[in-house]
Amino acid sequence: MSSGLQRRRVTSNNNSSSTNAPGSISTPGLSSLSSLSSLSPGPASPEPSNYHSESFASENGHRIAFDPRDLEEGDERSKQPGLTLMEEVLLMGLKDKQGYLSFWNDNISYALRGCIVLELAFRGRISMQRDPTRRRLPLCDRLIEVIDERLTGEVLLDEALKLMKGSEKMSVAAWIDLMSGETWNLMKIGYQLKQVRERLAKGLVDKGILRTEKRNFLLFDMATHPVSDTGAKDEIRRRAINILTTKTVVLNASPLVPDDVPFRYLRTVAMVCAAYAANVLENALSNLSHDGRDRAFGRVDELLGDYSQWPFASKPGGSGAIGINLAQEISDELNANKDKELQIEVVAAALSVFTRLDSIL
């Protein structure tokens, strides 16, 4: 006896008196229904999808199928830094041994949401809306849009990207406010990204940079995340000090920021400006003298003023001839990526939002 149902083959002739093969199931009226369905227009067949696969021959002669999009995503992720801007700012603010942020820091939550917008712009997922009339509006009030829906592999970035894709177009300032929960509109309270600091810390635990411990704070226990890999935090400190104190800025390749990462110098400027807005930059400058810290804070204030405008208002030199080559390095990065000017305009808009924070004013 045949196991299961067998598909009956219909011959090309129209002989309705043909005998079924042994073991096949005869369904009354099936031939007439099939002929009617062939005559009726019916629903249109779905359009072919963009999905296609390729294959290559392995050593043993077998062919292995793969999706070329997987290779494209792998190539793209290999050109991204080891840590996101949010993770770098959070790591800069964490106490190394205690593993928690200052309880009096009210700015870091808002600055981290701004870093999400910065990171999405650097990764080419969002840009300013291509509308010539946008220049009539202040930079932070110009509308942004999603230009690439591909997921980044970072949970917070992908969550924010889905929110932006499923919503009406809003400005940079509006998105940072909504993701921070800074809104009186009850219809948009769902845009708030919750537990951002804790989720970032757990991501750093997964990457082997932090570890999780439980500490007792009098009335309650709290999970803390002391630094286990001090090399990553030291590298972030070196980059911050390099760009704020040295006469000629040279960013050497590192596992966190390889040579092929786009906008390496502009990314570092965005990192120190975000850390300044989050009120955690002082932790990176703790080894400098009192005068050295004052000069570094003066320099980051200049950088934030120059790069919160579009086009950028950066000038060679700076306070005390610090970073005399920085403007040229960033100009070279922009010239090499002229098709991404609308994305970098989002970077300038996010930095302009930082200039309004109390920690800077």
Side-chain angles (χ1 to χ4, degrees), residues 79-94 101 105 107-123 152 154 156-157 176 196-197 200 203-204 207 209 227 231-246 249-259 261-286 288 293 296-297 299-308 312 314 318 322-323 326-327 329-330 333 343-344 346-355 357 359-360:
K79 295 179 180 179
Q80 298 303 332
L83 297 178
T84 63
L85 288 171
M86 305 91 70
E87 291 171 330
E88 289 179 333
V89 171
L90 180 76
L91 194 56
M92 206 180 298
L94 280 175
L101 297 163
N105 192 336
N107 296 305
I108 190 168
S109 293
Y110 192 87
L112 288 175
R113 270 73 171 186
C115 289
I116 291 175
V117 174
L118 286 169
E119 190 68 46
L120 287 174
F122 277 125
R123 292 181 181 235
T152 64
E154 300 287 344
L156 280 172
L157 293 180
I176 297 177
V196 169
R197 285 177 286 183
L200 287 173
L204 289 170
K207 294 180 180 181
I209 297 174
V227 177
K233 189 167 184 177
D234 290 341
E235 198 275 334
I236 294 172
R237 286 193 183 117
R238 284 193 296 268
R239 283 169 55 212
I241 293 174
N242 189 356
I243 207 164
L244 295 178
T245 63
T246 58
V249 179
V250 178
L251 296 180
N252 297 318
S254 69
L256 295 185
V257 187
D259 265 333
V261 171
F263 302 107
R264 295 173 67 241
Y265 285 85
L266 185 57
R267 264 185 170 274
T268 305
V269 169
M271 179 196 71
V272 296
C273 290
Y276 183 40
N279 206 16
V280 299
L281 182 61
E282 188 172 2
N283 297 344
L285 308 177
S286 58
L288 299 180
R293 284 198 298 271
F297 278 116
R299 179 56 175 158
V300 72
D301 213 11
E302 287 183 2
L303 291 176
L304 186 57
D306 290 344
Y307 291 96
S308 61
F312 293 143
S314 55
I322 297 173
L326 182 59
E329 293 287 352
I330 292 178
E333 290 177 341
Q343 301 166 32
I344 303 305
V346 176
V347 172
L351 295 180
S352 71
V353 174
F354 288 160
T355 61
L357 287 176
S359 59
I360 295 175

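These numbers come from a predicted model, not from an experiment.
- Expressed to the nearest 0.5 Å, how far OH of Tyr265 lies from CG of Leu251 amounts to 4.5 Å.
- Under the 4.0 Å criterion applied to side-chain N and carboxylate O atoms, Glu154 and Lys207 are assigned as salt-bridge partners.
- Closest of all the heavy-atom pairs between Ala274 and Val89 is CB-CG2, 3.9 Å.
- Pairing each heavy atom of Ala270 with each of Phe122, the nearest pair is CB-CE1, 4.0 Å.
- Considering only residues two or more places apart in sequence or on other chains, Asn252 meets the side-chain contact (heavy atoms from CB on, under 4.5 Å) condition with Val250.
- Summarising the geometry, atom CD belonging to Glu302 is positioned 11.0 Å from atom OH belonging to Tyr307; distances are rounded to the nearest 0.5 Å.
- Note that CD of Glu87 is 10.5 Å distant from CG of Leu112, once rounded to the nearest 0.5 Å.
- Considering only heavy atoms from C-beta on, Leu244 stays 4.5 Å or farther from Phe297 through its side chain.
- Between Lys233 and Asn283 the shortest side-chain heavy-atom distance does not fall below 4.5 Å.
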inquiry  = Show, in sequence, the C-alpha distance, side-chain angles and deciding distance for Arg237 and Asp234, and conclude whether the side chain to side chain contact (heavy atoms under 4.5 Å, CB included) test is met.
reply    = CA-CA 5 Å; Arg237 286 193 183 117; Asp234 290 341; 3.1 Å; yes

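- A distance-only check finds no donor-acceptor pair linking the side chain of Arg239 to the backbone of Glu235 [under 3.5 Å].
- In this structure, Glu329 does not pair ionically with Arg264, as no charged nitrogen and carboxylate oxygen lie closer than 4.0 Å.
- Counting heavy atoms from C-beta outward, Ile116 and Ile176 have side chains that stay 4.5 Å or more apart.
- From Cys273, atom SG reaches atom CG of Asp301 across 9.0 Å, with rounding to the nearest 0.5 Å.
- For the pair Leu256/Ser254, a side-chain contact is recorded, criterion being any heavy-atom separation below 4.5 Å from C-beta on.
- Here CD1 of Ile209 is found 11.0 Å from CG of Leu94. Values are rounded to the nearest 0.5 Å.
- Across Asn105 and Ala278, no two heavy atoms sit closer than the pair ND2-O, 2.9 Å.
- Side-chain contact between Val257 and Thr268 is absent, with no heavy atoms from C-beta onward closer than 4.5 Å.
- Applying the 6.0 Å contact sphere to CD of Glu282 captures no more than 12 heavy atoms from other residues, nucleotides or ligands.
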ask   = Given Ile243 and Ile322, is the side chain to side chain contact (heavy atoms under 4.5 Å, CB included) satisfied, shown in steps?
value = CA-CA 8 Å; Ile243 207 164; Ile322 297 173; over 6 Å; no

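- A 4.5 Å side-chain heavy-atom check between Ile108 and Asn279 finds every atom pair outside the cut-off.
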request  = For the pair Arg123 and Thr152, evaluate side-chain hydrogen bond (donor to acceptor under 3.5 Å, both in side chains) and give the outcome as yes or no after the intermediate values.
outcome  = CA-CA 8 Å; Arg123 292 181 181 235; Thr152 64; 4.7 Å; no

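- For Thr245, there are no side chain to side chain donor-acceptor pair (under 3.5 Å) partners at least two apart in sequence or on another chain.
- In terms of heavy atoms, Leu101 sits closest to Arg197 at CD1-CD, 3.3 Å.
- Here the OG1-CG distance, from Thr84 to Leu204, works out to 7.5 Å after rounding to the nearest 0.5 Å.
- Minimum interatomic distance between Leu357 and Tyr110 (heavy atoms only, all atoms of both residues): CD2-CD2, 3.6 Å.
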request  = Mind running side chain to side chain contact (heavy atoms under 4.5 Å, CB included) on Phe263 and Val347 for me, showing each step along the way?
outcome  = CA-CA 11 Å; Phe263 302 107; Val347 172; over 6 Å; no

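- Taking every heavy atom of both residues into account, Leu266 and Glu333 meet most closely at N-OE1, 3.3 Å.
- Residues Arg299 and Val272 fail the side-chain proximity criterion, which asks for heavy atoms closer than 4.5 Å.
- Ion pair Arg267/Glu88 not flagged as a salt bridge, since none of the NZ, NE, NH1 or NH2 atoms sits closer than 4.0 Å to an Asp/Glu carboxylate oxygen.
- Val261 is not listed as a side-chain neighbour of Gln80, based on a closest heavy-atom distance of 4.5 Å or more.
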inquiry  = The test is side chain to side chain contact (heavy atoms under 4.5 Å, CB included); show your working for Asp306 and Phe312 and say whether it passes.
reply    = CA-CA 6 Å; Asp306 290 344; Phe312 293 143; over 6 Å; no

